[in-house]
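Read through the structure below, which is laid out as structure tokens, and then see the notes.
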Amino acid sequence: MFPCERCGACCQSVGQSEMYRDLDRGDGTCRHYDDVTRLCRIYDYRPLRCNVDGFYEAFLADKIPYEEYVEKNREACRALRKELGKQNEPSVG
């Protein structure tokens with residue numbers, strides 16, 4: 001299972017990606033993101049593209065090793081956190 005730190009950086013950056021742009025509430029943040037809890041309000045029903053493990057199984061399992069995929073996602077997460085100034089924010093939960 002992908003080691004998500006629940007920082008919300010990916011949810012606050014949907015406006016940067018064509019793949020997620022339709023989820024943008026107008027400020028670059030996902031319309032399903034809760035600013036207070038920093039969690040997804042539709043987590044159990046989120047789109048497959050928002051489910052790191054589900055997306056891997058559906059589209060990439062036969063193309064890239066899981067460990068490599070997770071590392072690429074972690075790198076992207078670190079870059080987004082740095083860009084948003086969340087590098088040292090504690091995770092929720």
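These figures come from a predicted structure and were not determined experimentally.
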Geometric class of the Tyr56/Tyr69 ring pair [parallel <30°, tilted 30-60°, perpendicular >60°]: tilted
Between Leu80 and Met19, is there shared hydrophobic-cluster membership here, with clusters defined by ILVMFWY side-chain heavy atoms closer than 4.5 Å? no
Do other residues, nucleotides or ligands put more than 12 heavy atoms under 6.0 Å from Arg46 CZ? yes
Minimum heavy-atom distance Arg81-Ala9, with the two atoms named: CG-CB, 3.8 Å
Side-chain (Arg41) to main-chain (Arg31) donor-acceptor, under 3.5 angstrom: yes
How many angstroms lie between SG in Cys40 and OH in Tyr45, if you round to the nearest 0.5 Å? 12.0 Å
Where the side chain of Asp35 meets the backbone of Arg38, is there a donor-acceptor pair that is under 3.5 Å apart? no
If you round to the nearest 0.5 Å, how far is NZ of Lys72 from SG of Cys77? 15.5 Å
Below 4.0 angstrom, N of the basic side chain to O of the carboxylate: do Arg49 and Glu18 qualify? no
Does one hydrophobic cluster hold both Phe55 and Leu23, with members joined at side-chain heavy-atom distances below 4.5 Å? yes
Given side chain to side chain contact (heavy atoms under 4.5 Å, CB included), test Leu60 with Lys63 step by step and report yes or no. CA-CA 5 Å; Leu60 301 170; Lys63 295 175 178 54; 4.3 Å; yes
Working to the nearest 0.5 angstrom, can you tell me the gap between Tyr43 OH and Asp34 CG? 15.0 Å
Verify side chain to side chain contact (heavy atoms under 4.5 Å, CB included) between Leu84 and Cys7, making sure each step is shown before the conclusion. CA-CA 10 Å; Leu84 294 172; Cys7 69; over 6 Å; no
What's the separation between atom SG in Cys4 and atom CZ in Arg74, rounded to the nearest 0.5 Å? 10.5 Å
Same apolar cluster: Leu48 and Tyr33, side chain cutoff 4.5 Å: no
Following the transitive rule for hydrophobic clusters with a side-chain heavy-atom cut-off under 4.5 Å over Ile, Leu, Val, Met, Phe, Trp and Tyr, establish whether Phe2 and Tyr20 coincide in one cluster. yes
Keeping Arg21 on the side-chain end and Gly15 on the backbone end, is there a donor-acceptor pair under 3.5 Å? yes
Joint hydrophobic cluster, Leu39 plus Val14, side-chain heavy atoms closer than 4.5 Å: no
One should read off an interatomic distance between Glu57 CD and Asp62 CG, to the nearest 0.5 angstrom, of 10.0 Å
